[in-house]
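These values consider heavy atoms only, across backbone and side chains, with no hydrogens, waters or symmetry-generated copies. Here is how names work: the chains are called A, B, and so on, in the same order as the sequence lines, proteins then strands, and each is numbered from 1.
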Amino acid sequence: MPLPAVQLDGTIVLQAPDLDLRATLLCGQCFRWEERGTGFFGVVSDRAALVSYRDGNLLIAPATPLKEDEAAFWRNYFDLDRDYEALRRQMALHPVLREACAFASGIHILRQPFFETLCSFILSANNNIPRIKGIIERLCACFGPALEDGHFGFPSPETLAALKKEDLAPLRCGYRASYLLDAARRMASGELDETALKAGPMPDARAALQTVMGVGPKVAECVLLYGLGRMEAFPVDVWMRRALLEHFPQGFPEEYRSCAGLAQQVLYHWVRQSGKSGEKA
DNA sequence: AGCCAGGGAGTCG
DNA sequence: CGACTCCATGGC
């Protein structure tokens, strides 16, 4: 008999039989989760929570007051309603993807808030993950809404759009400051329509995203995948380029397009952690 | 000191 | 188009 979604102590219990929480939160798709004891603490949008995994269930202990849609919010964030079994079944048809899947099973593609994702990956350009995390934390602490537990939510496009690049000096994000402001202004002006980016043709969505300063092919694919839920997106960095050359000399096969995003994430996890394809320590 | 970090913009030819 | 160079910052 299924557990109620919200327990008496406020903990939300979500069934997630095939989820690898640790791999999902540490594989480089998100920047605001920190391992804490047996779980992870993080802030998404304006909600903070301590999450953990036990007996096939994802346990969410919100650190900010529960909203009416709390369970639905986290269910969507962790992408629990997508049929990952079907995606992995399809990937198992390809020898390379099958091997990568076996190594990194249980990774979910997070459905992160769009603007937050856009900013995060603009900041990721020619940067390393620890420093990206630091910049994002300073961005939230300086300009984000104060949450009830002392943490800070992600600033709104309107808030950032009203700033000048000198105001962003405390972030120490270098030349990316003006890119951040451009993204915020495009959002605030309504020029970037999240609904259209989610539903419209991929080429149109790519082109629209790349009109933002600091958004090139790589960042656009990341935003499409992690911030707009578009599984057909396929971010390619130098490592992935190497892996593609080695394992997919004719390019990523179109017949796997519907699971491309997960395939990319799994391949990335695989080549970075198992020493496959490129021998950097 | 020098190199690298999940790239991208600007400028050449 | 393709092949450069520079871009701020911090860690090693």
May I ask you to say what [X] touches in the nucleic acid, namely base, sugar-phosphate or nothing, with a heavy-atom cut-off under 4.0 Å?
X	value
A:Arg172	sugar-phosphate
A:Gly28	base
A:Val215	sugar-phosphate
A:Pro217	sugar-phosphate
A:Gln264	base
A:Gln265	base

Taking the same atom, [atom1], in [N] and in [M], what whole-Å distance lies between them?
N	M	atom1	result
B:dA9	C:dG10	C1'	22 Å
C:dG11	B:dG8	C1'	22 Å
C:dC6	B:dG2	P	15 Å
B:dG6	C:dG2	P	26 Å

[X] and [Y] ion-paired at < 4.0 Å:
X	Y	result
A:Asp79	A:Arg82	yes
A:Arg230	A:Glu232	yes
A:Arg89	A:Glu85	yes
A:Asp193	A:Lys198	no
A:Glu254	A:Arg257	yes
A:Glu116	A:Arg32	no

Ring centres of A:Phe31 and A:Phe121 under 6.0 Å apart? yes
Of the candidate nucleotides B:dA9, B:dG8, B:dG6, which contains the atom at the shortest distance from the side chain of A:Met213? B:dA9
Can you tell me which nucleotide in B:dG10, B:dG6, C:dA8 comes closest to the side chain of A:Arg176? C:dA8
Can you sort out which residues in residues 116-127 of chain A have a heavy atom within less than 4.0 Å of DNA chain B? Ascending by number, please. A:Ala125, A:Asn126, A:Asn127
Residue pair A:Met240/A:Gln210 against DNA chain B: nearer the 5' end by closest nucleotide is A:Met240
Send over the distance from [X] [atom1] to [N] [atom2], rounded to a whole Å.
X	N	atom1	atom2	value
A:Arg206	B:dG7	CZ	P	18 Å
A:Glu221	B:dG8	CD	C1'	15 Å
A:Lys165	C:dC7	NZ	C1'	13 Å
A:Tyr175	C:dC7	OH	P	11 Å

Is A:Trp239 stacked against the base of B:dG6, taking the criterion as centroid distance under 5.5 angstrom and interplanar angle under 30°? no
Does A:Tyr179 contact B:dG7 through a side-chain donor or acceptor facing the base, at a distance under 3.5 Å? no
